[in-house]
Number of protein chains: 2
Amino acid sequence: MTELEKYIQNSFAVSKEDLSKISAFFKPVLLKKNDHFLKTGRYCDRLGFVQSGLIREYVTIDGKEITKWISTQGYFVVDLSSFLFHRAARWNIQALTDCELYVIDQKDYQQIGNVIPSWPELEKLFIAKCFTVLEDRILTHLSMTAEQRYQQLFTYNKELFNQVPLQYLASMLGMTPETLSRLRKKSIG
Amino acid sequence: MTELEKYIQNSFAVSKEDLSKISAFFKPVLLKKNDHFLKTGRYCDRLGFVQSGLIREYVTIDGKEITKWISTQGYFVVDLSSFLFHRAARWNIQALTDCELYVIDQKDYQQIGNVIPSWPELEKLFIAKCFTVLEDRILTHLSMTAEQRYQQLFTYNKELFNQVPLQYLASMLGMTPETLSRLRKKSIG
DNA sequence: TGAATTTCTTGATTTATGTCAAGAGCAGGC
DNA sequence: GCCTGCTCTTGACATAAATCAAGAAATTCA
């Protein structure tokens, strides 16, 4: 079983048979560091699965880049609003390192439903799961200090800190790079 | 067409026929001010539609109540994680005023799929829409000051400010009641 | 390898926001 | 209608985090 299949099985709880049907729709795509998978304003007509590498989702507001999230192996990358509702994409999605993705285009994505009858249900549950993750994330902003948010990210995603430029992690945590730098110093000793 | 039907049609883009099939599953429920629709730790086996009144979703952390959202007419209230994944509910849902709800229990909810074949697809799109709303909300915490967040809420949800205790709005905006009070003073003059 | 560029850290300072405490305003229950 | 609690505001102060500026460290790339 490929990594992609493993993750799909975990995320969607499909049978082994359906699994290979689904994964057959995905095609490997290589992104070089700094390549964009998607740019704001374009139409997002494909969904990517991160097989390896790091990829950043961000938006530029008043000349400042706000990093919403950094996806690592096992994450899907997409602008959901654009992919599902045919809106202009709001997010830039850019490789932080060379990346291997498995990509499905929208046409093929719509085929999955024909092949696997329960697909809309599985999809719904997956998106609902993502929704609850965002609920938690909002809660961290309502109830935690910058320091607590840093500690939490460091505890659960330590690997990011030696692979991702700290300025991006700072942005994703809702603080300035200087503040993150000081919290790290304080925390490490 | 009832309010409920109007909102369902808006949210889910269903035919008029399907609409009445769906709405028939909902039963009216009255909540008195301060009644709980759901409490943390319980299992959320029903979904409510707010026909009138105000209802607050909150969680208690370290003895402090954090208000996640305040739902007004046209919103659905539910702990999605509990309703779909059979987990213990994370949110308290409590009436801020007397409320009229239309409520569907989980058993009936599962019937909708039998009556309306495209239901999982419609549901998926609705949840995806909610997901993008939360994405935006996270962005406000990453890119805006407390003052900007207040101004935004005041601009787009003015009606909340004379109906909801300000301490709850403050919490929902991620600031203290004192800060909100000062921002209001500053803003009004 | 070494120059150029970017990223990170640090210090000084300012600003935004939180905390604590007191009192004013309002609302609900008797 | 009038207590009794809540809720909101205000002030004084403390703290967290942002900003600005400079230099150190790391990375990129020729």
Side-chain angles (χ1 to χ4, degrees), chain A residues 31-35 53-54 56 58 60-67 70 94-99 140-154 158 160-189, chain B residues 31-35 53-54 56 58 60-67 70 94-99 140-154 158 160-189:
Chain A
L31 282 188
K32 286 268 171 218
K33 180 171 177 172
N34 295 327
D35 281 355
L54 293 158
R56 176 171 76 110
Y58 71 96
T60 302
I61 298 179
D62 299 333
K64 274 190 202 162
E65 287 184 359
I66 310 292
T67 296
I70 291 170
Q94 183 184 28
L96 286 178
T97 62
D98 291 356
C99 288
T140 68
H141 284 279
L142 299 185
S143 67
M144 291 165 84
T145 63
E147 180 163 9
Q148 292 170 319
R149 293 198 301 277
Y150 156 69
Q151 290 290 356
Q152 178 179 283
L153 187 68
F154 188 70
K158 230 180 234 83
L160 290 179
F161 286 79
N162 42 34
Q163 297 182 77
V164 174
L166 295 171
Q167 57 180 318
Y168 300 148
L169 297 182
S171 172
M172 184 173 132
L173 285 165
M175 65 185 77
T176 61
E178 292 94 331
T179 295
L180 178 57
S181 175
R182 291 185 177 107
L183 292 175
R184 271 160 50 83
K185 188 182 177 188
K186 190 172 161 187
S187 156
I188 293 167
Chain B
L31 283 187
K32 286 268 171 220
K33 179 170 176 174
N34 295 327
D35 281 356
L54 293 158
R56 176 171 77 111
Y58 71 97
T60 302
I61 297 180
D62 299 333
K64 274 189 203 163
E65 288 185 359
I66 311 292
T67 296
I70 291 170
Q94 183 184 28
L96 287 178
T97 62
D98 291 356
C99 288
T140 67
H141 283 279
L142 299 185
S143 67
M144 292 165 83
T145 62
E147 180 163 9
Q148 291 170 319
R149 292 197 303 277
Y150 157 70
Q151 289 292 355
Q152 178 179 281
L153 187 68
F154 187 71
K158 230 181 233 83
L160 290 180
F161 285 80
N162 42 32
Q163 297 182 78
V164 175
L166 294 171
Q167 55 180 319
Y168 300 149
L169 297 181
S171 173
M172 184 175 131
L173 285 166
M175 65 185 76
T176 61
E178 291 93 333
T179 296
L180 177 58
S181 175
R182 292 186 176 106
L183 292 175
R184 271 160 49 84
K185 187 180 177 186
K186 189 172 161 187
S187 157
I188 294 165

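Here is the naming used below: chain letters follow the sequence lines, and residue numbers restart at 1 for every chain.
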### Task
Write down the distance between CZ (A:R184) and P (D:dA25), rounded to a whole number of angstrom.
15 Å

### Query
Rounded to the nearest 0.5 Å, what separation is found between the CG atom of B:L96 and the CG atom of B:N34?
8.0 Å

### Query
Whole Å only: how far is the CG atom of A:L169 from the P atom of C:dT9?
11 Å

#### Entry: Heavy-atom pair of closest approach, residues B:A95 and B:K32
CB-O, 3.5 Å

### Pairwise distance CD(A:Q148) to OG1(A:T145) - rounded to 0.5 angstrom
3.5 Å

### Task
May I ask you to decide if B:M172's main-chain N or O and B:T67's side chain share a donor-acceptor pair within less than 3.5 Å?
no

### Rounded to 10 degrees, the angle between the two terminal axes of the helix from C:dT1-D:dA30 to C:dC30-D:dG1, each from five pairs
60°

Write out a two-atom table: protein N or O, nucleotide N or O from nucleotides 11-18 of chain C, distance below 3.5 Å.
from, atom 1, to, atom 2, distance (Å)
C:dG11, N7, A:R182, NH2, 2.6
C:dG11, O6, A:R182, NH2, 2.8
C:dA12, N6, A:R182, NH2, 3.3
C:dT17, OP1, B:A146, N, 2.9
C:dG18, OP2, B:T176, N, 3.2
C:dG18, OP2, B:T176, OG1, 3.2
C:dG18, OP2, B:T179, OG1, 2.6

### Task
Verify, without hydrogens or angle tests, whether B:D98 (side chain) and B:K33 (backbone) share a donor-acceptor contact under 3.5 angstrom.
yes

### Task
Could you state the atom-to-atom distance from CG of B:L96 to C1' of C:dA27 in whole Å?
15 Å

### Query
Taking all atoms of both residues into account, what is the closest heavy-atom pair of B:M175 and B:A146, and its distance?
CE-O, 3.2 Å

So which protein N/O to nucleotides 26-30 of chain D N/O distances come out below 3.5 Å?
from, atom 1, to, atom 2, distance (Å)
D:dT28, OP1, A:K33, NZ, 2.6

### Message
Ignoring hydrogens, what is the shortest heavy-atom contact between A:L173 and A:H141? Give both atom names and the distance.
### Response
O-CE1, 3.7 Å

### Message
Rounded to whole Å, please give me the gap between CG in B:L166 and P in D:dC6.
### Response
18 Å

### Query
If every non-hydrogen atom of B:A170 is compared with every non-hydrogen atom of B:L180, which pair is closest and at what distance?
N-CD2, 3.7 Å

### Task
Starting from P on D:dA18, measure out to CD1 on A:I66 and report it in whole angstrom.
12 Å

### Query
Starting at CD of A:E65 and ending at C1' of C:dT6, how long is that distance when rounded to a whole Å?
13 Å

#### Entry: Check: B:R56 main-chain N/O paired with B:Q94 side-chain donor or acceptor under 3.5 Å
no

#### Entry: Closest approach of B:F161 to B:Y150 (non-hydrogen atoms, all atoms of both residues)
CE2-CE1, 3.6 Å

#### Entry: Minimum-distance pair of heavy atoms, taken over all atoms of A:T97 and A:L54
OG1-N, 3.0 Å

### Message
What is the distance, to the nearest angstrom, from the OH atom on A:Y150 to the C1' atom on D:dA16?
### Response
17 Å

